[in-house]
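A short write-up of the structure that comes next.
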Amino acid sequence: MLEKMAEEAHPNILIDESTIRPGSNPPVAKKKRNLPGTPDPEAEVIALSPKTLMATNRFLCEICGKGFQRDQNLQLHRRGHNLPWKLKQRTSKEPRKRVYVCPEKACVHHHPSRALGDLTGIKKHFCRKHGEKKWKCEKCSKRYAVQSDWKAHSKTCGTREYKCDCGTVFSRRDSFVTHRAFCDALAEETARVKAVSNMNTSVVGNINCHFMGTPQGNSIPQNFPSIFKPISSSEDTMINPTTRGLSLWIGHGSQGQETMVNNNLQGIHQLGPLCSGETFADPLVSCSNMSPSDYHQNWVFGTKLSSSNAEELTSTSLPLIDVKEAGTQLLSIPSLYETQHQSNQTPSANMSATALLQKAAQIGSTSTDPPFLGSFRFKCNNDSRVQDGNKLCGPYGSNSILSNLGKDAEKTAGDLFQIHPAKRRHAENEDGAGGETRDFLGVGTVQPICHPSSFNGWI
Amino acid sequence: MDTVLFTPKEAPLFNSNQQRNVKEAMEMQSINQPQNSHTSTSISSDSIELPSASGKWAPRLLMECARAISENDSGKIHLLLWRLNELASPYGDCDQKLASYFLQALFCKATDSGQRCYETLTAVAEKRHSFDSARKLILKFQEVSPWMTFGHVASNGAILEALEGETKLHIIDISNTLCTQWPILLEALATRNDETPHLKLTVVDTASTVRSVVMNEVGQRMQKFARLMGVPFEFNVISGLNHLGELTKEGLGVQEDEAIAVNFIGALRKVEVEERGVVIRMFQSLRPRVVTVVEEEADFSSSRDDFVKCFEECLKFYTLYFQMLEESFYPTSNDRLTLERECSRNIVRVLACDDGNGTEGDSERRERGTQWSERLKEAFSPVGFSDDVMDDVKSLLKRYRAGWGLLLPQGDHESGIHLTWKEEPLVWASAWKP
């Protein structure tokens, strides 16, 4: 359905316009800012080739042929030509609102329904996701494709402090990360969260969400600073083979969605859900600290870059996430989640889940990414469970279909997941055999939609 | 004739041996007596300079003593040991510390009690070690000095680049850094653009001190952290090995579809010199995508039959090391003291213990980068570090105090990069591929 890529008849032609109307034709409403990646249905979709997109001088003066990066600059220049009044007017044709698609075929934003409304935005997106990272920070050698991102980073690099939960402050990210990995606070979190948890739902499974925020609000999705909140699961919670996981986020989901866009993870990483809208989010959280909307949103954005197609979401079957009640703290990390086998889901849960998903899909952020599923992760423990882990990995490793995934995941997820070797989650094994695979919508059979490659992340 | 000249300062260590050793020393002296034309007193005035107030007395005295030992000149030995003992202290300045620790090794060498001493030191260290103390020590050291982090950053960079695009990673980690290298790598894996691969980390624990409790704890932390990062992770520890040659493909859990990286940090030097070729070939058989080797730049191997030469190398290396520690740490730091004590064990092991006698897997005979390169070239070919990795290393060094530098390979025959301190190369990092 996507129109062909723009051809350049000759270098000065800017756009080969094609018009596609994704939706119906309502009267032009007052201009409002759409959420990224969900274009105005009546807008005109423009597909530019990579070369055109990156061309720096798109606006040409018809008099002398000089090129400018911005329309305003061109207008200023035209004034200098002392045009007669008539020609001074811009062409009267009211330009239709334009939205742009990403030329990269594999990209989520390649599809007109996920076009971006801003030319500068699509240019930056293209650079960030599909471009070469030419700009490099002096201090930390982090690389950026977009110069403005690099500049923004350079301003704050080294000035930001990282604070661990244990109270120590670091000026260097690498020492912070290393410290965090070994910090006792990681272990303490587990204990504390257990105590503090006030999960209302009878969710028991374990949702391990890892949350990563970015230091800069609109930084590139893939630059994650380290965040963390430890994932924890309480040892004493049993996994109740009831509605749990699904209900968890259904319940939460229905509480409305705030865009996480406004949450900004500032330099200090603290407990609590912080999520910068563009970057991702992930799994759900069943933590008391998290606002429900956060996780539901997080949950939906399985990918690191947080948005996924509604289409993709519904079609993928995901094992449900169980949330341990006592206190898992959830961090949404973009590509993380541990799925816990979910046993029974009530039909009602299913319905709201679907609605939830659809709503969530609309909130999708600008970035595009590998399919949702790709972000699922299983952790294989190194203890005796390894076998199970391998079992689980098996289906994913071989490009098998989701249906396998669902089933096996259910069977083995319980085994797989452990925070401490000593703790055993109840294997929802007894339930796993329950026949039909359930996707997270609880809808029954899974429709394999994702490419096998999306399973890479599983293993 | 003076018999008891010693009151060693570190009493606990010497107590059990003291009597016996003094007796031995006496015997040594009396045996040698007929052959000596001098008495010990005349030796003292003729050939031994009095220690002056100026610095650098320690290297001089130590070298003298080493020579005396190799010449079996017992009178001289005795006197020098006594002198050193008077001046040395593990709590003093650099010279005093060096004097103290090398004195211990010299004494053991002279009295042939190296093995015993080493075992005692090891037992003492084991008692003191715990996860908390080890962790605190290592992290602190990494914070004040790039000694370890240099190798980590270079190796991580090489590993990430070599395994780019792979989905099942298996890193075999043979190191003494308690997995402090891996959090950064886990973070990098988690933030890659494409899907996060599965990482299996197999740690081979060759430290002679009992570390299984510590490794368990480390493993748990790693797992938690990997979960936090969202990286599918599997952690295995292999311990109880006597030496690396005992490892096998099956023992390591290597599977066919995995992309293997082998990471040696300060590990190859623990293999007995004669076995190093065998061990390297064994790892070659695993068909790793990349092998990273980080070693300290010193040569204690080629001179192992020549005590004086080996001693000189040792002294040179550890002088730099101690100076580096002194300038990196806070003056009264306990962590520095602990690190220095660890050195003392290594020094005794190299200088006073016979190879092949001790527990295997704890040789400390270092080799220079060029020497390792020759060995590794038989099984692998060198891979240069990419510009990105070099940039990472450079920005790493910028974060530490002045004095640290980077030395690139000079000629075609050289591979790997060196970390230099005050222009002296101290740590060598390299990457290899099949």
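Every chain is numbered from 1, with letters handed out A, B, ... down the list of sequences.
Residues A:Thr178 and B:Trp182 fail the side-chain proximity criterion, which asks for heavy atoms closer than 4.5 Å. Contact annotation: the side chain of A:Asp174 approaches that of B:Arg399 to within less than 4.5 Å [non-hydrogen atoms, C-beta and beyond].
When the side-chain hydrogen bond (donor to acceptor under 3.5 Å, both in side chains) test is applied to B:Glu164, no partner is found at least two apart in sequence or on another chain. In terms of the side-chain hydrogen bond (donor to acceptor under 3.5 Å, both in side chains) criterion, A:His179 has no residue partners (sequence neighbours excluded). In this view, B:Ser130 and B:Ser133 satisfy the side-chain hydrogen bond (donor to acceptor under 3.5 Å, both in side chains) rule, not counting sequence neighbours.
For chain A, the nearby part of B:Asp132 is the side chain; its heavy atoms alone come within less than 4.5 Å. Neither the backbone nor the side chain of B:Leu201 has a heavy atom closer than 4.5 Å to any heavy atom of chain A.
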| Under the side chain to side chain contact (heavy atoms under 4.5 Å, CB included) criterion, do A:Arg173 and B:Ile184 qualify, and how do the steps go? | CA-CA 9 Å; A:Arg173 180 150 169 236; B:Ile184 300 275; over 6 Å; no

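Residues of residues 142-158 of chain B lying within less than 4.5 angstrom of chain A, judged on heavy atoms, are B:Gln142, B:Glu143 in numerical order.
Once rounded to the nearest 0.5 Å, the distance linking CZ of A:Arg180 with CD of B:Glu187 reads 12.5 Å.
No more than 12 heavy atoms of other residues, nucleotides or ligands shown are found within 6.0 angstrom of NZ on A:Lys134.
Among B:Met222, B:Lys224, B:Lys136, the single residue meeting the side chain to side chain contact (heavy atoms under 4.5 Å, CB included) criterion with A:Phe182 is B:Met222.
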